[in-house]
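Taking it in order: structure first as structure tokens, then the write-up.
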Amino acid sequence: MNEPKKKPIQKTRTPMPEQDPATRGKSFDEGPLGYSPEQARLEAGRCLQCKKPLCVAGCPVKVDIPGFLELVCRGEFAAAARLIKKTNALPAICGRVCPQEDQCEVECILGKKFEPVAVGRLERFVADYERENDLIELPEKMPPNGKKVAVVGSGPAGLTVAGDLVLLGYEVTVFEAFHKPGGVLMYGIPEFRLPKEIVEAEVDYLVRLGAKLKLNTVVGKSVTIDELLDEAGYGAVFIGVGAGLPVFMGLPGEDLGGVYSASEYLTRSNLMKAYLFPEYDTPLVRGRHVSVIGGGNVAMDSARTALRLAAESVTIVYRRSRQELPARDEEIEHAEQEGVVFRMLTAPVAFEGDQQGMVRQMKCLKMELGEPDDSGRRRPIPVEGSEFDIDTDLVILAVGSGANPLLTKGTPGLGLNSRGYINTHEHGRTDKPGVWAGGDIVTGSATVIQAMGAGKEAAEDIHRYLST
Amino acid sequence: MPEIVENTELCPDIWQIVVEAPDVAAKALPGHFVIVMADQQGERIPLTVADYDPSAGTLTLVLAVVGTSSTKLSKLEAGQQLYALLGPLGHPSEIARHGTVVMVAGGVGTAPIYPIAKAMKAAGNRVVSIQGARTAELLFWEEKLRAVSDQYIVTTDDGSRGRKGLVTEPLRELLEDDRQGAIGCVYAIGPPVMMKFCAETTRPFDIKTIVSLNTIMGDGTGMCGGCRVRVGDKTLFTCVDGPEFDGHLVDWDGVLARQRIYVAEEKCSMERYARVRDEG
Ligand SMILES: Cc1cc2nc3c(=O)[nH]c(=O)nc-3n(C[C@H](O)[C@H](O)[C@H](O)COP(=O)(O)OP(=O)(O)OC[C@H]3O[C@@H](n4cnc5c(N)ncnc54)[C@H](O)[C@@H]3O)c2cc1C
Ligand code: SF4
Ligand code: FES
């Protein structure tokens, strides 16, 4: 008898349609356009449905990847989205911004010989399909248990805690300093990579589930954690305030006009919509020759934003070599395709301005790489006598971030490490009874999914704590 | 969203907004500021708390109309709402017994000076207030400030009320005449140039001089660094480290330069705003 012939495996992943880089680099509309249903089924069909799926082991929140891919194959897209949502409440966001190449996709068995299954693109597809076709259904909720939980910060960590605890019957209030919820998803990651409409829809879903939002409230100023616990009747507090402290380099001329921290530059553009100025009131210096200092994802986002704001040239200035660039490969490629210039092994030493106090020039040194430092990367060493100038009228410093002390300093009993991040024990418990923490304020700048993972763990533990 | 209880023009282009914000009013202290947005397209702008009434749950803010944001705020009527109000932010003023304190208010700076003067008086200080404006028409809250002052001096640039000249002149005389060293502290709040010259006036007398900066801001919580200022050998953030600083240590040239970053954009924004308004 003839064995039925197995279809040969498609070796490469199904490409996702994208805007043409030439026009993309001028537009704030999202670049990648997403799969069609046919493309999605084709790509999901590449999955081998492993019995012990390695991809799931690589996923920080253990999404049932083969399970949802199977549903995609069968064309049950909304069911696939709902399956993901059992473990990941924000699939439309994660499908776009997660570093899948380091998580699920790097582990995928197909990747040993061919290209791995495009899990991220499919996650994005099913979430978009569900939302765009109005197929979102609210899951069953436990009856109200009369207990209140406060969440501080509406980034991915806080939103995850809120979503999980609302389903368990808690009355959850999320306190957010800004006038819009979402944290970095709203004010950091640009529109062309993560449309704000999607963040709004995901937050809206949580509100429909019953989470309450209290915007324009700085915990530590407007209200303190102790007041929440002792006076306002909250049984537990989760702190997910992110790592919102800009880092400056301490160089001469850094306070000139036109020199921004990446966080100010991106907040003005994304949250305040300065890219729509003067329709929106918040201004932003629009440089012609832009220098972005740093080589991480934040630098790439800043550079690509500046490019879209009609800069003639945008240069990434990084003190190590291309190999050490910490940004995702995909982001580097996008930046390059759009025309961002990379000037490696270069470090600024001073900024110079004109009579109006606006930056006009940057003094730089060439660098070479020495022995590896603590981080394991080769240490950049200035080349003597290599000083040279770069003409620039907009400088964006994307050289890292730190722990914002506003909340932590005003909260007695919270243990901090030497760099000001919150110390946590198992499941995100802090030194302060009744208070949990997770996300960037514990780990330092990390990823959306790690923040969500921390939120998930804390939510489970808060539930245990409040149930006994 | 916080509702406007009353919005009145105190004098040409200076408006007093009373807004319902019980949570903020309950916590507000002299020296605090808030961040407001007039509408969804608005900018986040800082305004120093001019007065507060915890029992009524209201805050009083005073602003000078200079650009799009302040124009929009001045047009809001009672019953309308601010899009956002956040606060109280910053450190409150340090109210202590200094003996005599001199409170110097320039222009719209009278508003934030008032609650500090009142608290200084209540703390047992002898309060000497100097209120200055370009012209008599631009003076407001004279009675309020006089009522919390033991001595009250008014100056106008054109002599239309009180002494003709700048606030720094009576300030210098007070310091020169103070042979017993009764003056323990000077507060100067107003336009940056006025604060700078007040600080220069007090410097030779080595008297602690506090100023309140109104820099460009974004979040107001220490997240962006847009409000940074050099104070002594440090870069500080006005929103979380201030807004009050030692006027002798502030890098005034830096403050003045950063104030001008968006001059061109502000003009463009105003022109568009006027056009849109005219077109209805
Ligand atoms: C430009 C940029 C691009 C990035 N790109 C990616 C990416 O592609 N993929 C990825 O996985 N990760 C990315 N990251 C990292 C990721 O966004 C963060 O790791 C993640 O958002 C951290 O989540 P969080 O919930 O801990 O905090 P955040 O997202 O930082 O949210 C914290 C929230 O708390 C609020 N808050 C702070 N203090 C207070 C207070 N006292 N009271 C009330 N509210 C307060 C803040 O306003 C904010 O809304 C990026 C980060 C940046 C800056
Ligand atoms: S490892 Fe790859 S092939 Fe195996 S289940 Fe996961 S996605 Fe499918
Ligand atoms: S306003 Fe952003 S740090 Fe002060």
Side-chain angles (χ1 to χ4, degrees), chain A residues 176-180 187 214-224 227 241-248 250 254-268 271-274 276-286 353 355-358 397 401-402 404-407 409, chain B residues 1-2 23-24 27 32 35-45 67-69 72 82-90 216 218-230 235 237 239-240 251 253-266 268-273 276:
Chain A
E176 168 57 47
F178 273 127
H179 55 281
K180 290 240 170 94
Y187 69 77
K214 210 161 161 359
L215 303 176
N216 299 307
T217 308
V218 195
V219 177
K221 285 281 176 189
S222 316
V223 59
T224 64
E227 285 167 346
V241 292
L245 184 74
V247 171
F248 289 91
E254 204 167 55
D255 297 337
L256 286 164
V259 179
Y260 289 97
S261 72
S263 105
E264 181 180 7
Y265 186 77
L266 291 171
T267 304
R268 282 181 174 265
L271 178 74
M272 304 310 296
K273 305 229 181 288
L276 298 175
F277 179 88
E279 199 180 315
Y280 281 70
D281 299 341
T282 302
L284 193 59
V285 171
R286 307 235 172 155
Q355 295 219 305
Q356 276 72 48
M358 302 297 287
L397 305 173
S401 62
N404 187 316
L406 185 75
L407 171 77
K409 276 219 180 117
Chain B
M1 288 196 285
D23 296 351
V24 185
K27 296 238 162 166
H32 273 143
I35 286 208
V36 302
M37 283 173 80
D39 56 31
Q40 205 182 341
Q41 288 76 33
E43 249 179 301
R44 294 170 68 92
I45 62 161
T68 309
S69 301
K72 280 183 172 178
L82 290 174
Y83 179 70
L85 184 147
L86 171 72
L89 300 170
I216 289 169
D219 54 291
T221 60
M223 285 172 58
C224 75
C227 62
R228 65 194 183 276
V229 54
R230 291 290 294 174
T235 294
F237 291 174
C239 66
V240 286
D251 165 20
D253 292 342
V255 169
L256 288 162
R258 287 192 65 80
Q259 211 77 35
R260 287 192 302 262
I261 296 177
Y262 300 113
V263 187
E265 285 81 1
E266 272 158 20
C268 157
S269 170
M270 253 331 262
E271 282 166 7
R272 180 190 174 274
Y273 176 72
V276 170

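Note: hydrogens, waters and symmetry copies are ignored here, and every other heavy atom, side chains too, is used. Just so it is clear: chains get the letters A, B, ... in the order the sequence lines come, proteins before strands, and each one is counted from 1. Worth saying up front: this structure is predicted, and the values here are computed from it rather than measured.
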Choice from [options] maximising heavy atom contacts with chain B below 4.5 Å:
options	value
A:Arg286, A:Met358, A:Arg268, A:Gln356	A:Arg268
A:Pro278, A:Gly353, A:Gly242	A:Pro278
A:Ser263, A:Gly244, A:Pro283, A:Gly220	A:Pro283

key: side chain to side chain contact (heavy atoms under 4.5 Å, CB included) between B:Arg44 and A:Phe178, worked out   = CA-CA 10 Å; B:Arg44 294 170 68 92; A:Phe178 273 127; 3.6 Å; yes
What part of [X] lies closer than 4.5 angstrom to a heavy atom of chain B: side chain, backbone, both or neither?
X	value
A:Ser401	neither
A:Leu266	neither
A:Leu245	both
A:Thr267	neither
A:Asp255	both
A:Lys273	neither
A:Tyr187	side chain
A:Leu407	neither

query = Checking heavy atoms, do the side chain of B:Val24, its backbone, both or neither come under 4.5 Å from chain A?
reply =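 Neither; nothing under 4.5 Å.
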ask   = Given that the side chain runs from C-beta out, which part of B:Leu85 has a heavy atom under 4.5 Å from chain A: side chain, backbone, both or neither?
value =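 When you check distances to chain A, only backbone atoms of B:Leu85 fall under 4.5 Å.
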First locate atom [atom1] of [X], then atom [atom2] of [Y], and finally report the distance between them rounded to the nearest 0.5 Å.
X	Y	atom1	atom2	value
A:Glu227	B:Lys27	CD	NZ	3.0 Å
A:Glu279	B:Arg272	CD	CZ	6.0 Å
B:Phe237	A:Leu406	CZ	CG	12.0 Å
B:Glu43	A:Tyr280	CD	OH	14.0 Å

Note, [X] side chain near [Y] side chain (heavy atom, < 4.5 Å):
X	Y	answer
A:Asp281	B:Lys72	yes
A:Met272	B:Met37	yes
A:His179	B:Ile35	no

Max heavy-atom pair count under 4.5 Å with chain A, selected residue of [options]:
options	result
B:Gly220, B:Gly87, B:Gly222, B:Ser69	B:Gly222
B:Thr221, B:Thr68, B:Asp23, B:Thr235	B:Thr221
B:Glu265, B:Arg258, B:Met223	B:Met223

request  = Start with the C-alpha distance between A:Val218 and B:Leu89, add both sets of side-chain angles, then the distance that settles side chain to side chain contact (heavy atoms under 4.5 Å, CB included), and finish with yes or no.
outcome  = CA-CA 9 Å; A:Val218 195; B:Leu89 300 170; 3.8 Å; yes
request  = Can you see which heavy atom on A:Asn216 is nearest to which on B:Ala84, and at what distance?
outcome  =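 So the minimum-distance heavy-atom pair works out to OD1-CB, 3.5 Å.
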query = B:Gly42 and A:Thr282: which non-hydrogen atoms are nearest, and at how many Å?
reply =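 Result for this residue pair: O-OG1, 3.9 Å.
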inquiry  = Suppose we screen for ring-ring contact (aromatic ring centres under 6.0 Å, His included). Which residues come up paired with B:Tyr273, at least two apart in sequence or across chains?
reply    =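 ring-ring contact (aromatic ring centres under 6.0 Å, His included) check on B:Tyr273 returns nothing, list empty.
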ask   = Counting N and O atoms only, with roles assigned by atom type, does the side chain of A:Ser261 sit under 3.5 Å from a partner on the main chain of B:Cys224, one being a donor and the other an acceptor?
value =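 Side chain of A:Ser261 to backbone of B:Cys224: a pair is present.
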Donor-acceptor contact below 3.5 Å, side chain B:Arg260 vs main chain A:Gly357 =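 The answer is no, because no donor-acceptor pair under 3.5 Å joins these two groups.
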